[in-house]
J.: 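Before I ask anything, let me first share the structure, which is written out below as structure tokens.
Values reported hereafter were calculated over all heavy atoms of this structure, with side chains retained and with hydrogens, waters and symmetry mates removed. All residue numbers in this chain count up from 1 along the given sequence.
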Amino acid sequence: EKTHKQHTHMSVSRDVVEEIEGMRQQVYGVEGAVDLDAPAAQKTVLVKGAGEDDEVARTHDAVKVELCLYTDDSAKNTIPIVEEYRGTVSLHVDGSSSSFINSVLSRFILSMKKGERSQFVSSKGELWDLIEGAEEDDKDSEDAVVIEVFLARLTACIDLSGDRGVCKTITTFGEGQKPAIGCTLKVLVKGSLPDGRVVDDLWGEGGEQDVRIYKLCEDNQALFANTHVAATFNTIFASMRPGEECRVVVEPGHAYGADGSKEKDIPGGTTITYTVRLISFQYNLTKTEEEMSGELTVGQRIERAAEIKKIGNDFFKQNNLTAALTCYSDALDLLQRDFMFTQELKERSRQVKVPLCLNIAQCQLKQKKYRDVLGICTEVLKQDATSVKALYRRATAYRMEGMFDEAEVDLKEALVHAVGDQADLAKTVQSALEKIPAQRKKQDEKDKKVFSKMFKQSKEKEEKKKQNKTSKKVKSKEEKQSEESTEGMEPKKKEEEDKEAMDETKKEEGEKKEEKEEEKKEAMGEKKEEEKKEEKKGENKHKQKKEKSD
């Protein structure tokens with residue numbers, strides 16, 4: 001991962017490769033798949049990627065790449081790629097991959113950043129598996145070939161071991177809390193070696209029906225005969241959520257080591273890739289047969305309660321309050337009816353019960369169940385009136401409830417008893433006590449603001465009611481006046497309408513009269529014309545008779 005850069009060109013020197021391989025052999029005691037005799041590839045960055053210079057792909061990261069092959073000449077003729085590697089290709093960066101071409105591509109990708117497009121000068125022989133229709137004679141060919149790689153996507157794996165010896169890539173995300181030490185899990189596991197052989201097959205043919213129950217504890221070899229592998233899987237399972245499925249690459253140092261496993265036919269120094277699915281888990285502990293039958297002795301009950309309390313503490317550290325409370329409640333159930341215990345056993349029971357109750361109070365404080373905290377701390381103080389933790393936690397609940405006088409009394413009492421093995425709490429109690437006056441003042445101001453706001457709101461409501469009443473009165477008055485004015489205007493309007501109607505009638509009658517007179521005039525004119533015609537005819541006849549007589 002060390003590189004030497006010169007502007008847009010970069011070459012990985014042989015001594016760096018040898019140094020990395022030397023570290024690998026020192027850690028795992030085996031040789032990896034890095035080919036030290038392979039020539040260093042010259043790199044040309046065409047498009048810079050995103051991120052800082054050191055944010056490059058690393059071993060076991062999931063990537064998506066696009067590839068192009070060219071002949072190393074000015075024409076840049078394209079070389080066809082085998083169908084498997086056309087378009088966008090998904091793979092995991094792995095120099096020790098059983099696929100030779102994957103290991104070669106990984107060597108290129110290890111120097112790239114997300115979004116980067118670069119060209120590498122390689123040989124036809126090295127990229128033989130990638131070239132479609134390549135001939136057998138080309139396997140040893142040293143002819144230069146340019147491979148262009150575009151790193152489209154980079155998903156960094158989760159380093160569970162801190163040395164990249166156990167790297168997890170989530171393929172299906174789960175939901176909910178993660179399991180803790182002491183949980184009982186339902187899991188499916190399947191491992192595969194670089195040569196494709198399956199090992200540690202706990203998946204089965206039945207799918208999810210063939211679920212394996214696995215108890216997550218500090219030293220467990222229930223599923224794996226190897227302590228090292230069991231510890232690795234504790235780490236893997238503790239990082240998962242219900243419903244999650246992941247791919248985990250486990251290096252030899254965290255698996256079967258340099259010696260391997262003769263029983264499972266696993267060679268030494270083998271890297272194993274596991275597929276793991278967490279179906280579900282239970283954080284309430286599976287009870288033993290003695291617990292189920294109620295046959296535990298008093299001493300066994302106390303020991304079992306102390307054991308469950310420790311498991312609850314692990315959940316509390318993970319902030320899994322629900323699981324922690326379940327464990328504390330289960331432990332308390334075992335210590336019921338302690339009045340039947342002998343004096344010695346009563347004292348032993350009290351030493352477990354009091355911390356359990358205080359832990360429950362702490363969980364309830366985080367859940368803001370302050371009334372419950374007051375109750376359980378009061379019960380503790382009945383058994384141990386000098387418990388500084390009980391007094392302090394009850395005072396905290398009082399403060400959160402705004403009961404500062406009661407909180408001040410408890411804190412002063414706690415300060416009196418904060419001596420000896422409880423002296424480390426004195427500073428915390430003193431600090432809380434000094435904050436009481438300021439908190440009381442702040443609460444008073446807050447209450448004052450709340451009451452003033454309430455008073456203001458009530459006053460505004462009353463004013464609003466008055467305004468509504470006044471507006472209603474004004475509105476009703478205006479409506480009444482408008483009605484009256486409407487009633488006064490109606491007769492006038494009617495008279496005007498009647499007058500307009502009469503005028504229109506008169507107008508129509510006048511028009512009709514004029515039409516009749518015109519018709520009469522026309523008739524009279526026609527009659528006069530006819531009379532004139534007849535007179536002319538009579539005159540003509542008279543003239544004709546006179547002419548005849550002459």
Side-chain angles (χ1 to χ4, degrees), residues 302 305-306 308-310 312-317 319-336 338-339 341 343 346-451:
I302 295 169
I308 296 172
K309 181 175 79 72
K310 286 181 181 178
N313 292 344
D314 289 331
F315 283 121
F316 183 82
K317 288 172 187 175
N319 203 31
N320 190 344
L321 302 179
T322 305
L325 280 170
T326 302
C327 289
Y328 296 146
S329 299
D330 286 352
L332 272 180
D333 287 342
L334 291 168
L335 301 178
Q336 296 301 322
D338 59 354
F339 60 88
F341 298 176
Q343 195 61 37
K346 271 186 182 180
E347 182 57 28
R348 280 179 60 194
S349 173
R350 190 187 69 80
Q351 288 174 2
V352 177
K353 187 185 280 189
V354 168
L356 277 170
C357 292
L358 290 172
N359 290 355
I360 290 171
Q362 186 63 21
C363 290
Q364 290 170 340
L365 275 175
K366 288 200 168 197
Q367 293 177 334
K368 298 183 180 180
K369 297 179 179 179
Y370 303 122
R371 291 288 174 182
D372 293 339
V373 175
L374 295 175
I376 197 162
C377 286
T378 302
E379 286 299 317
V380 171
L381 290 167
K382 286 179 182 177
Q383 295 188 45
D384 184 2
T386 63
S387 174
V388 176
K389 284 185 179 179
L391 288 165
Y392 176 71
R393 285 170 191 173
R394 189 170 73 171
T396 304
Y398 277 137
R399 282 193 298 112
M400 299 310 294
E401 288 288 309
M403 303 165 71
F404 295 103
D405 293 339
E406 292 84 349
E408 193 171 9
V409 170
D410 274 358
L411 289 171
K412 285 179 179 177
E413 184 69 19
L415 206 56
V416 171
H417 299 295
V419 292
D421 59 345
Q422 301 187 92
D424 56 332
L425 295 170
K427 286 184 181 179
T428 307
V429 174
Q430 183 63 43
S431 176
L433 189 59
E434 289 171 358
K435 290 176 183 177
I436 290 282
Q439 289 172 340
R440 185 187 279 118
K441 186 179 178 181
K442 190 177 178 181
Q443 185 64 41
D444 290 342
E445 288 174 358
K446 191 177 178 182
D447 292 341
K448 192 176 179 181
K449 284 181 182 179
V450 170
F451 288 129

J.: Out of curiosity, Cys327 SG to Asn320 CG, how far, rounded to the nearest 0.5 Å?
T.: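 If I round to the nearest 0.5 Å, the distance is 9.0 Å.
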J.: Quick check: do Asp384 and Arg350 have side-chain heavy atoms less than 4.5 Å from each other?
T.: yes
J.: Rounded to the nearest 0.5 Å, what separates atom CD in Gln383 from atom OG in Ser349?
T.: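 Rounded to the nearest 0.5 Å, the CD-OG separation comes out at 8.0 Å.
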J.: How many angstroms lie between NZ in Lys389 and CG in Leu391, if you round to the nearest 0.5 Å?
T.: 13.0 Å
J.: Distance check, rounded to the nearest 0.5 Å: Leu334 atom CG versus Lys353 atom NZ?
T.: 11.5 Å
J.: Side chains of Gln443 and Gln439: any donor to acceptor distance under 3.5 Å?
T.: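 Distance-only check fails for Gln439 and Gln443.
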J.: Quick one: list whatever passes side-chain hydrogen bond (donor to acceptor under 3.5 Å, both in side chains) with Asn313, sequence neighbours left out.
T.: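 For Asn313, the residues satisfying side-chain hydrogen bond (donor to acceptor under 3.5 Å, both in side chains) (neighbours in sequence not counted) are Tyr328, Asn359.
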J.: Decide, yes or no, whether a salt bridge links Glu445 with Lys442 under the criterion of side-chain N to carboxylate O below 4.0 Å.
T.: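 Lys442 and Glu445: not salt-bridged.
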J.: So Tyr392 and Thr428, do their side chains get closer than 4.5 Å, heavy atoms only?
T.: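 Yes. Closest side-chain heavy atoms under 4.5 Å.
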J.: Between atom CD1 of Ile376 and atom CZ of Arg394, what is the distance when rounded to the nearest 0.5 Å?
T.: 13.0 Å
J.: So which of Arg371, Lys368, Lys369 actually passes salt bridge (Lys or Arg N to Asp or Glu O under 4.0 Å) with Glu401?
T.: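 Result: among Arg371, Lys368, Lys369, Arg371 is the only option passing the salt bridge (Lys or Arg N to Asp or Glu O under 4.0 Å) with Glu401.
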J.: As an exercise, state the distance from CG of Asp410 to CG of Leu415, rounded to the nearest 0.5 Å.
T.: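 Answer for the CG-CG pair, Asp410 versus Leu415, is 12.5 Å.
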